[in-house]
Amino acid sequence: MPAAIGILGGTFDPPHAGHVAAAVAAQKQLGLDEVRVIPAGQAPLRTGAPLASAADRVAMCRLAFAEHAWAVVDERETLRSGTSWSVDTARELAREYPDALRVWILGADQLARLDRWKDVAELCGLVEFAVLSRDGISTVPPASLAAVIRLTILRAPPVQVSSTSLREALRRGDSPRNGLPLGVARHIEEHSLYQA
Ligand code: ATP
């Protein structure tokens, strides 16, 4: 049984160096035994379905984290129907690992809107959070959560990349090297993903 697990949820459409940097920083700084990388089926607060299938996003996550033995790609949200609520995943992990330190890893953009997540007060009781700064966005949590959130600021350099910018580059026919792990780039090419 792991004593400390990280949880990195996201759409991963596609996974990139920013995701890996956040997980690596949390794993090192907090001494996590494993980090669960959990691709969403349908992410909340988003319009439109992911462009790549769940199977492709799971495969790309495995490739992005291949060199990290502590990373475990967890398909549970892609197997659930409807919106993938983080609180449902946190409840399950709390049941599965009741005695473990459970840390939800996120970027500053998501911390800034954490107050809009479903059942966030309950979520704050189920997990601690660790945040990596991103795009100059503050790593201070929303004021309404100040009394309940347990938060670690990750000390790692920010990585300027997003799935949106990578999808746009790929749609233009570019082959982005920065921020796209090699195995993921190969998978995208072999399966002709994100083309116009
Ligand atoms: P999109 O551009 O499609 O919105 P994204 O690049 O934000 O996607 P997600 O899969 O939505 O990627 O992100 C999953 C998690 O990883 C979120 O908590 C997000 O804040 C975090 N994250 C993504 N990119 C970075 C980055 N460059 N630095 C730090 N955290 C990041």
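Heavy-atom basis, side chains included; hydrogens, waters and symmetry copies ignored. Each ligand, and each atom within it, is numbered from 1 in the order the structure gives.
Nearest approach of P2 to A100, heavy atoms of both residues: O-CB, 3.5 Å. In plain terms, the two heavy atoms of I137 and A112 that are nearest each other are CG2-CB, 4.3 Å.
Checking D56 against H187 by side-chain atom types alone, a donor-acceptor pair falls below 3.5 Å. A donor atom on one side chain and an acceptor atom on the other are not found under 3.5 Å apart for S86 and T89.
One finds no salt bridge joining R102 and E128 here, because no Lys/Arg side-chain nitrogen approaches an Asp/Glu carboxylate oxygen to under 4.0 Å.
Note on residues 17-40: pairs passing ring pair (Phe, Tyr, Trp, His ring centres under 6.0 Å), not counting sequence neighbours, are F12-H19, H16-H19.
The protein residues lying under 4.0 angstrom from ligand 1, judged by non-hydrogen atoms, are G9, G10, T11, F12, H16, G18, H19, R46, L106, G107, D109, Q110, L132, R134, V159, V161, S162, S163, T164, R167.
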